[in-house]
Each structure stands twice: as C-alpha cells, then as structure tokens.
**Q** 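Before anything else, here's the structure in question.
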Amino acid sequence: MDEIRVRIAPSPSGNLHVGTARTALFNYLFAKKNNGKFVLRIEDTDAERTSQAYVDNIFDSLKALGLNWDEGPDVGGNYGPYTQSERFDIYPKYVQELLDKGFAYECFCTPEELEAEKEEATANKKAYVYSKKCENLTEEEKAKLRAEGRKPAIRFNIAKAQKAFHDSSILAFEDLVKGHLQQDTDLIGDFVIMKSNGAPTYNYAVVIDDMLMKISHIIRGEDHISNTFKQILIYEALGAEVPRFGHLGMILAPDRSKLSKRHGATAVSEFVEKGYLTEALNNFVALLGWAPSDGVELKSLQEIAADFRINEVSSSNSVFEYDKLNWMNGQYIKKMDIKELTAMAKPFLSKYDLTELTEEQLEKVITATREPITILSDLTNDVAYFFGKDIEFEEGVKEANIDTEQGQAILKEFASRIDSLAFDDEEKLHEQMAEFRNFFKEQGIKPKVTMWTIRAALTGRTHGADMGVVLEVLGKDKVQYRIEKAIV
RNA sequence: GCUCCCAUCGUCUAGAGGCCUAGGACACAUCCCUUUCACGGAUGCGACAGGGGUUCAAAUCCCCUUGGGAGUACCA
C-alpha cells in the first residue's frame, strides 16, 4: 500500500475510555510520524447499546485531546460514510462474493442447537468449534429449512480459506509490536459474518470497512489478537491486500484487573471533569508502553510524534497508577499560561461569588495557589478563604495558633499596624511584613510561627497562598475584620 | 477447560550477549532552600519471578514451572 492510513474505530456504547484514547493516540502518533492519514470510524452496528450522546462524547473527547482526524463522520473523506450504520447496504455484496467463491455458507442452526454443541464441548473439556453441520446442506435441505420459517446466518469457512492460501493449518503474521504471532486455524470455528437478520457481525464489518477505507496499518489492543486470524482470512478470501497489524498491551487497574468504574474515572471526560488537563493525560498515557529516546518524559504531542516508533512500544500490559498522572498534571498546571489556567479553573470555582474579585485579583489568587495542586479541583478548597467575609477554621488551627497567649500578642501587634500597611503596594507590603516578622524574631519567636498566627486568623489554616497575596487580595477591610474577630 | 499474549524497583520504564556493582521517572524517606504548604535541589530506599540449559560470557537466546492478562457469541 502506498499511503499510510490508520484508524480508530470506537463503538459508541459508552463514553470514550482512556484505553481507547491511548489506542487513538498511538494511531495518531503513527500517522503523524509517517505522514499518514488518521481516520475515525464509528462502529454503531449494535443499535441497542449505542447512542448519539456517546458519539458526541467520543468526538468531544478526541478533540479535547488534540487527536484530530483527517477523515471521519463529521469531516467526511473519500472513503465514507464513516459511520457503520450508514454502510449497511455495502456489506451484502461481499458476503455474496464469499458465498460465490465457496468461502462462506448458510447456517440454519438455532440458538438451542448451538448451545447444545457448546455444552458438549465444555463437558468434554474441548475448545468449542462450530460443528460445520450446515456446511454441505443441499439445496433441497435448505429449501425445507426455509419453508419451516428459518432464516439463515452466513458463516465463514475457515478451513477452506486457510487451505486455499496456506500450506498448513497454521496461520501466522508479523505483528508490529509483538513480532511473530500464530494460531492453528483448526481451533477457530466457522464464525458468523452475517446474522440471520441481515446485519453484519463485527469481524466481518471491520474487514470490509478497513479494506474499503484502504487502511494500511491496524493498531489496536491485544484483545483483538484472536480476531486478527479470522480477519486475515477474510481479506485473503476477498483477494484484498492484508494490512499490517500492531497489538498494544492493555491498560490495567492497580489490582491488575480491567480498568473499570470501581477504580475511579475511566472515561476521558470524567478525567477532565475532575480537573485533569488533556495535555497531561496524553503525555501520561503515551508513557504507558512507550518511552522517549532522550529520557525526557514531559513532552508535547508534537514532540512525542517526532520521536514515536511503533516497534519500540512495549508488548506487555501496564498498570494505570494515579501517582504519576497527578504529578504530571501538576507539572502542566504550573507551566500553563495564567489566563488560560484561570479560565479553566472557573468551573471549579462555581460555588463562590467570583464578582468579589477582579479578573486581575483572581489571576493573582490562582498564581499563588497553583504550585502545590495536582488537579484543578484542588483549587475549590484551596481558594476558599479568598471569598466571603468569614472563614472556616481547619481542625486544631485556632486552638494552636490563635487562642494562645503568644498568638494573641502577635495578633494585637499586627492589628495595630494594619492602618499603616500598604495593601496596594506589593513591594512595600512585603517589606512591612518582613519587618513585622523581625519584630517578633527579636523576641525569640520564629518567623514562620509569627506567620502561622496571622495566616490562621486570616485563612483558618496554617498553609496556603503567599501571605502577600492573601493580604493584598483580601484588602484592608476584610483583614481588619478577620484579625479583630480572632482577638479575644 | 481450550487457545493466544506477557513477565526488570511498589508503579511506568531504559536495557536488542560483554558498556549492568542494572539507568531514569513517579511514589516514599532524609536534608537544603523558605513567611506556611508547596515548588526546586541533593541524597537515600528499591527490581532482572523460580529452575534448567546454550555460551568464554545472559536481565538479554532456548525450554519448563509459576504468576498475570486476553480471547473463546447470530457483542463490538
């Protein structure tokens, strides 16, 4: 194939999962690195589990991550439509071709008959393989079954295809990330490619779509390895060029089970709602299975794309731990443009009356509180004392820092200086506070203890934003009010 | 059950036979910086799953065991 074309084909039966996001990312990176095209296809074959809300979520999440597609349902392209449900009329044609070539046959088995076969297989500790009962039905037999009202499903004839294109029953291919992979096709049952209701099944529809969309490389999760053998055979039976495959390890929860709701967020949109930055999410997820050649882990999408090589991706599973994601998110928050950060922070500040502060003051507050946070939602609590008249004291803070003889002395001295404090002159205020600390330092009280008392009275806590910013943003009136309230 | 995949610090990983007394990042601990918490800096803790081979030499190659994951649908 001349052009490199990859795709991501999510099924809209849920919000975009981080695992899918990583697959999308690796496909995107591979396309970027190789000047290829990245296409998005929506696999909504199963109407019952599918919804438009999920389709929207998938679009929005992918866009938020910056994983822009070159072709897709919304932007179109030369190989559309890009939504499977709109492609239903093209699937029967190739089923007929397979039927004509003898690589497929009609199957009239009922669910009950199939169930019985499976039970027998498990009873004999054998792998279940369809009995091929319907492989050689005569026209008369078929007509009779049809007369009974039975509608056939179409099955793919594995052995026939395998024999036609390979020397033995072993089917092998070179995986882009896992290397040599093989499977004995005698162990693969003749699977249904078209249901009795006329709808195509997944393994068949993907092949037709990928073939028609000229997909050259299929990068996906390793849960698809066993499907790959079935799919290769369909490509071959259709006389189509078989694409290259690359199977990625799975993302596991810390308990090594599948990442699910009980482990916390699973959808990209949930991470965003919690206050994770999509840049950090991309960066983190890229590092699950891939390592930059220069060892520098903090990297933009562009930098990663330039360095990315699919064959360097690890073939093992990786555990999704929040520690590193949190650290990374914090790094991005620290480096982010303050205006952009402030805008992103606002949704997390909805419980406060933001009109209390000017935009400039808000930016100061965010600047002074961004350092220690790892996710945007940390801001909600960290910024609380900048709003409203009164504050809430954290447990024990009042008793230890204010209700003491020393605390009261510090507060009284501070109260006496409030009138002379330069609330609107950052530099001067800084000097005045230094002088204030020295006043007590000479009495043997550590600077940080002095500040703890003032901070406690003003914020209800012993740690938080820079005191200069606290004083400046709070302003003389609030400072005076809170200090006086703390003096017994 | 059957088939397939995987296996380096707690986690993500570097490592493609000698460069490995196994490197980095996160987490953790200690120290420094400091008006707090942090940030930043320094140091420390910490792994080649086990057993057999092959080889002058194995984390790297082969086999077995063990452990983990996936697939086994007229779901995708």
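Here is how names work: the chains are called A, B, and so on, in the same order as the sequence lines, proteins then strands, and each is numbered from 1.
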**Q** For RNA chain B, which residues in residues 391-402 of chain A have a heavy atom at a distance below 4.0 Å?
**A**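 Nothing qualifies; none.
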**Q** Taking the basic N atoms (NZ, or NE/NH1/NH2) and the acidic carboxylate oxygens, is any pair closer than 4.0 Å for A:Arg150 and A:Glu113?
**A**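 Here A:Arg150 pairs with A:Glu113 in a salt bridge, since their nearest N and O are under 4.0 Å apart.
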**Q** How would you list, by chain and number, every residue that makes a side-chain contact (heavy atoms from CB on, under 4.5 Å) with A:Lys441, sequence neighbours excluded?
**A**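 Residues passing side-chain contact (heavy atoms from CB on, under 4.5 Å) with A:Lys441: A:Asn438, A:Pro447.
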**Q** Hey, is the side chain of A:Arg461 poking within less than 4.0 Å of OP1 or OP2 on B:U36, counting only N and O atoms?
**A**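 No, because none of the side-chain N or O atoms of A:Arg461 sits under 4.0 Å from OP1 or OP2 of B:U36.
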**Q** Which residues in residues 116-125 of chain A have at least one heavy atom lying under 4.0 Å from any atom of RNA chain B?
**A**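 Only A:Lys118, A:Lys125 qualify.
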**Q** Return the set of residues passing side chain to side chain donor-acceptor pair (under 3.5 Å) with A:Glu363 (not counting sequence neighbours), or none when no residue passes.
**A**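 Side chain to side chain donor-acceptor pair (under 3.5 Å) list for A:Glu363, sorted by chain: A:Lys339.
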**Q** Considering only residues two or more places apart or on different chains, which pairs with a residue in residues 323-337 of chain A satisfy side chain to side chain donor-acceptor pair (under 3.5 Å)?
**A**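 Only A:Tyr276-A:Asn326, A:Asn283-A:Tyr332, A:Glu297-A:Lys324 qualify under side chain to side chain donor-acceptor pair (under 3.5 Å).
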**Q** Suppose the criterion is side chain to side chain donor-acceptor pair (under 3.5 Å): which pairs have a residue in residues 308-317 of chain A, not counting sequence neighbours?
**A**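 As it turns out, the side chain to side chain donor-acceptor pair (under 3.5 Å) pairs with a partner in residues 308-317 of chain A, which skip direct neighbours, are A:Ser314-A:Ser316.
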**Q** Under 4.0 Å, heavy atoms only, any strand: does A:Met433 hit a base, just the sugar-phosphate, or nothing?
**A**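 Since no nucleic acid heavy atom lies under 4.0 Å of A:Met433, the category is nothing.
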**Q** By the side chain to side chain donor-acceptor pair (under 3.5 Å) test, which pairs, at least two apart or in different chains, include something from residues 171-182 of chain A?
**A**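 For residues 171-182 of chain A: A:Glu174-A:His180, A:Asp175-A:His247, A:Lys178-A:Glu222, A:His180-A:Gln182.
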**Q** OP1 or OP2 of B:A76 versus the side-chain N and O atoms of A:Arg220: is any pair under 4.0 Å?
**A**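 No, A:Arg220 has no side-chain N/O under 4.0 Å of OP1/OP2 on B:A76.
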**Q** Over all strands shown, is A:Asp44 touching base, sugar-phosphate only, or nothing at heavy-atom distances under 4.0 angstrom?
**A**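 Since no nucleic acid heavy atom lies under 4.0 Å of A:Asp44, the category is nothing.
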**Q** Can you list the residues that meet the ring pair (Phe, Tyr, Trp, His ring centres under 6.0 Å) rule with A:Phe414, with sequence neighbours excluded?
**A**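 For A:Phe414 the ring pair (Phe, Tyr, Trp, His ring centres under 6.0 Å) partners, ignoring immediate neighbours, are A:Phe436.
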**Q** Closer than 4.0 Å, any side-chain N/O of A:Lys446 to the OP1 or OP2 of B:U35?
**A**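 No, because none of the side-chain N or O atoms of A:Lys446 sits under 4.0 Å from OP1 or OP2 of B:U35.
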**Q** May I ask you to evaluate whether A:Gln231 reaches the phosphate of B:G71, defined as a side-chain N or O under 4.0 Å from OP1 or OP2?
**A**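 No, A:Gln231 has no side-chain N/O under 4.0 Å of OP1/OP2 on B:G71.
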**Q** So, A:Asn203 versus A:Thr201: side-chain donor-acceptor pair below 3.5 Å or not?
**A**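 Side chains of A:Asn203 and A:Thr201: no pair found under 3.5 Å.
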**Q** With sequence neighbours left out, which residue pairs that include part of residues 452-464 of chain A fulfil the side chain to side chain donor-acceptor pair (under 3.5 Å) condition?
**A**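 For residues 452-464 of chain A, and leaving out neighbouring residues, the side chain to side chain donor-acceptor pair (under 3.5 Å) pairs sorted by first residue read A:Asn381-A:Arg461.
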**Q** Could you work out, with ring pair (Phe, Tyr, Trp, His ring centres under 6.0 Å) as the rule, every residue matching A:Phe156, not counting sequence neighbours?
**A**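 A:Phe156: ring pair (Phe, Tyr, Trp, His ring centres under 6.0 Å) contacts with A:Phe191.
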**Q** What pairs with A:Phe245 under ring pair (Phe, Tyr, Trp, His ring centres under 6.0 Å), at least two apart in sequence or on another chain?
**A**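 Only A:Phe173 meet the ring pair (Phe, Tyr, Trp, His ring centres under 6.0 Å) criterion with A:Phe245.
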**Q** Where along residues 450-459 of chain A does a heavy atom come under 4.0 Å from RNA chain B, residue by residue in number order?
**A**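 Going residue by residue through residues 450-459 of chain A, the ones with a heavy atom under 4.0 Å of RNA chain B turn out to be A:Met451, A:Trp452, A:Arg455.
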